[in-house]
Amino acid sequence: MAEENKAQAPQKGPRVINKSGTLRMDDSVAATKQTRDMAGRPMRGRDRRRNGRNNGRDMAPKEFEEVTINIDRVSRTVKGGRRMRFKALVAVGNKKNKIGIGVAKGGDVTAAVQKATAKAKKSMITFNMDGETICHEVETKVTGADVLMKPAAPGTGIIAGGVVRSIIGLTGIKNLISKSLGSTNKVNIAYAVIEGLKQQTPRSEWNTTAMNKELGIKPVKAAKKAEKIVKPAKAETKAEKPAAKKAAAPKKAAAKKPAAKKTTSKKEAK
């Protein structure tokens with residue numbers, strides 16, 4: 001009876017035969033089948049290997065973005081020859097109002113970039129913004145570098161050079177006009193940009209006439225007039241000055257005249 005039931009039982013799926021004449025596995029069989037190597041050990045599938053590559057990585061979104069602005073090769077002369085190293089300039093920002101830069105040296109490029117990134121994160125600053133631009137015009141000088149930055153209307157974009165554009169691109173500033181007026185040293189320009197962003201003062205703290213009226217502060221000119229010091233009266237008046245001059249005139253004349261020589265006649269001499 002058992003053999004008859006097996007013969008009568010319908011097959012689970014159609015038997016698919018390949019062109020080569022072999023049977024194709026059903027999906028249920030393929031899901032449970034395990035591939036083994038020559039030693040009989042189970043082998044992992046390709047999908048498992050690909051998924052396993054990212055097991056040790058942190059897939060969470062990064063808080064800060066990093067940009068390597070410049071990498072220089074520097075050398076130092078020592079007794080045995082020259083020692084070559086690499087110097088990296090890295091900027092770190094959060095696409096809002098936090099930015100920082102770092103400069104570091106390392107034996108190779110990777111080490112230098114990692115050190116510079118760590119320094120940039122430690123030296124981050126928070127600056128003030130006016131919408132999508134800076135609050136006011138500012139010009140900053142760091143050693144030989146001189147950077148001028150101006151706020152711009154919406155839709156202007158970032159009009160800036162290489163270093164300034166790289167740093168501003170990591171912030172939330174979308175409209176800016178800037179010009180580098182001094183040295184072309186990238187490190188000094190980067191520090192000048194950071195100093196300019198640090199000096200930004202929000203509009204509510206500006207010392208304007210409207211703000212002074214609200215706070216009840218007198219303008220500077222009015223305050224100076226109120227505190228004007230009255231000069232003490234001089235001892236001599238205008239009427240007394242000519243009289244004093246006349247009295248002093250004969251004395252000066254007498255002092256200037258040389259003493260008259262006494263002339264003796266020949267008779268008196270005899």
Side-chain angles (χ1 to χ4, degrees), residues 62-74 86-106 112-212 215 217 219-221:
K62 289 185 177 180
E63 182 183 358
F64 302 108
E65 290 189 15
E66 306 163 8
V67 171
T68 304
I69 299 173
N70 188 42
I71 294 175
D72 289 327
R73 190 177 67 176
V74 295
F86 294 91
K87 182 177 74 172
L89 172 63
V90 177
V92 177
N94 66 344
K95 290 286 184 179
K96 293 178 183 177
N97 63 338
K98 279 189 176 182
I99 190 70
I101 59 169
V103 182
K105 295 178 184 177
V113 170
Q114 288 177 353
K115 288 181 183 179
T117 304
K119 282 188 177 182
K121 288 181 179 178
K122 287 181 182 178
S123 63
M124 294 192 76
I125 64 163
T126 303
F127 62 93
N128 299 304
M129 292 174 58
D130 184 11
E132 291 185 341
T133 185
I134 58 177
C135 299
H136 53 81
E137 179 182 338
V138 63
E139 182 178 356
T140 50
K141 295 181 180 180
V142 174
T143 61
D146 186 1
V147 177
L148 172 66
M149 294 188 291
K150 293 183 179 182
T156 305
I158 299 174
I159 301 174
V163 178
V164 182
R165 180 181 290 274
S166 300
I167 295 173
I168 297 298
L170 295 174
T171 64
I173 298 171
K174 304 296 181 186
N175 305 296
L176 180 77
I177 299 172
S178 73
K179 179 66 179 175
S180 178
L181 304 171
S183 170
T184 57
N185 186 287
K186 294 183 179 180
V187 176
N188 291 338
I189 291 174
Y191 280 119
V193 173
I194 295 296
E195 186 64 27
L197 295 176
K198 196 188 296 184
Q199 292 178 10
Q200 293 299 307
T201 305
R203 189 179 292 271
S204 59
E205 297 179 12
W206 289 4
N207 186 15
T208 58
T209 306
M211 289 297 299
N212 290 339
L215 299 174
I217 300 172
V220 179
K221 290 183 179 179

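Scored by the salt bridge (charged side-chain N to carboxylate O under 4.0 Å, His left out) test, Asp72 finds no partners at all (sequence neighbours excluded). For Lys141, the side chain to side chain contact (heavy atoms under 4.5 Å, CB included) partners two or more places apart in sequence, or in a different chain, are Glu139, Asp146.
The nearest pair of heavy atoms linking Leu176 to Ala152 is N-CB, 3.8 Å. The minimum heavy-atom distance between Ala112 and Gly106, with the atom names listed, is CB-N, 3.7 Å. Residue Thr133 comes nearest to Ile173 through the heavy atom pair CA-CG2, 4.2 Å, listed as atom of the first residue, atom of the second, then distance. Nearest heavy atoms, Ile159 versus Arg165: CA-NH2, 4.4 Å. In terms of heavy-atom proximity, Lys121 sits nearest to Val92 at CG-CG1, 4.2 Å. Nearest heavy-atom pair, Ser180 versus Ile189, reported as atom, atom and distance to 0.1 Å: OG-CD1, 3.8 Å.
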*Report the C-alpha separation of Lys150 and Leu148 in whole Å, then their side-chain angles, then the decisive distance to 0.1 Å, and conclude whether the side-chain contact (heavy atoms from CB on, under 4.5 Å) test is met.*
CA-CA 7 Å; Lys150 293 183 179 182; Leu148 172 66; 4.0 Å; yes
*Does the pair Thr143 and Asn185 meet the rule for a side-chain contact (heavy atoms from CB on, under 4.5 Å), with working shown?*
CA-CA 10 Å; Thr143 61; Asn185 186 287; over 6 Å; no
*Carefully, step by step, assess Phe127 and Ile194 under the rule side-chain contact (heavy atoms from CB on, under 4.5 Å).*
CA-CA 9 Å; Phe127 62 93; Ile194 295 296; over 6 Å; no
_Stepwise side-chain contact (heavy atoms from CB on, under 4.5 Å) test for Met149 and Ile134_ = CA-CA 8 Å; Met149 294 188 291; Ile134 58 177; 4.0 Å; yes
_Run Ser183 and Asn188 through side-chain hydrogen bond (donor to acceptor under 3.5 Å, both in side chains) and show every step you take._
CA-CA 8 Å; Ser183 170; Asn188 291 338; 5.0 Å; no
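The distance from atom CG of Asp130 to atom NE2 of His136, rounded to the nearest 0.5 Å, is 10.0 Å. The CD atom of Gln200 lies 10.5 Å from the CD atom of Glu137; values are rounded to the nearest 0.5 Å. Rounding to the nearest 0.5 Å places CD of Gln199 at 6.5 Å from OG1 of Thr140.
A heavy-atom distance below 4.5 Å is not found between the side chains of Val147 and Tyr191. At a threshold of 4.5 Å between non-hydrogen side-chain atoms, the residues Val193 and Val163 do not count as touching. Ile71 is listed as a side-chain neighbour of Val113, based on a closest heavy-atom distance under 4.5 Å. Two residues are said to be in side-chain contact when any heavy atoms from C-beta on lie closer than 4.5 Å; Val67 and Leu170 meet this criterion. For the pair Ile99 and Ile167, the minimum side-chain heavy-atom distance is below 4.5 Å.
The side chain to side chain donor-acceptor pair (under 3.5 Å) pairs that include a residue from residues 87-106 number zero, where partners must be two or more places apart or lie in different chains.
Looking at Ser123, its side chain never comes within 3.5 Å of a backbone N or O of Gly100 through a donor-acceptor pair.
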